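In what follows, a structure is listed as structure tokens, so that the remarks can point back to it.
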Amino acid sequence: MRAGLAPAVIGATIVSASVFDERALTRHAAGAADFVGRLEGSSVLGAARRGKFLWLPLSGGTAALTAHLGMSGQLLLRAPDAPAERHERIRLGIQHPRHGELAVVFADQRTFGSLAVDALVADGDELIPSQVSHIARDPLDPAFDDTSFIAAVRRRTSAIKRILLDQTLLSGVGNIYADEALWAARIHPESLGRALSAQAVRRLLSEVRLVLEKALAEGGTSFDAQYVNVNGQAGYFAHSLNAYGRVGQPCPRCGGAIVREAFMNRSSHYCPRCQRAAR
Ligand SMILES: [Zn+2]
């Protein structure tokens, strides 16, 4: 979504903002009028992402239009006079020096997502929205620190699957991507962090990166048919899964049956034959 939006919004001026549903501003405490007032007339300087947060730093350099996509939030690019989307909550009218007038539509079926104009705070030599300050870097971020991540994993007494989903350690890895990376690295999801060798964690990190790169190249996963890219097309990552959602089917590596186990309020999918638990 970030990659799709960036060329259309960077350098654009926000000429109008319309809020149709204030539930889409739960993260903007000052309310709709303040939100609109702070956006209109601002220009967009960039497009960045960590985990499910996507933000557009605004002219002035102190704030960013920040989106948390929740379960089903989408930022869609549309023609300026396009009819309302299903579940449209907020619409921005922008004027881009090369692409002219466009609409950026925030649509969200389940209303867990939210937009906000949030203050930028320092994170090392970078400025990030204050709402993002508890979210660790994405492993595809060039500034991600492999050595400290590996050391942190090996200090943990919890299961590696839980560690992979901990957004204070790394972001961008959801349930599906965690299962796929653990399968690729041949690590059982219940293996304890402290029981893994540094070499195993390094291998896992590199598999996480491969899974994320592949998913990004294919436009994301589309399991609940709600994940769509910026043009409204579903992603196709579902076609290339090895473990997730394949319960009872043969493991593509060893032929053993993939199993599913309850994990927090979701499921873990893995191959008990080639992913042995380290304790
Ligand atoms: Zn296997």
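Atoms within a ligand are numbered from 1 in the order they appear, just like the ligands themselves. Since the structure is predicted, the reported quantities are computational estimates derived from the model, not experimental observations.
- Protein N/O/S atoms nearer than 2.8 Å to the Zn ion (ligand 1) total 4.
- Between K161 and E261 no salt bridge is recorded (no basic side-chain N to carboxylate O distance below 4.0 Å).
- Under the side chain to side chain contact (heavy atoms under 4.5 Å, CB included) criterion, V19 pairs with E22, L25, A32, F35, V36, I90, sequence neighbours left out.
- Evaluated for a side chain to side chain contact (heavy atoms under 4.5 Å, CB included) with S191, the options L182, L196, I163 yield exactly one hit, L196.
- Remark: D179 does not engage R266 in a salt bridge, criterion side-chain N to carboxylate O under 4.0 Å.
- Salt bridge absent: D138 and R2 never bring a charged side-chain N and a carboxylate O closer than 4.0 Å.
- Considering CG of D118 and NE2 of H68, their distance stands at 12.5 Å, rounded to 0.5 Å.
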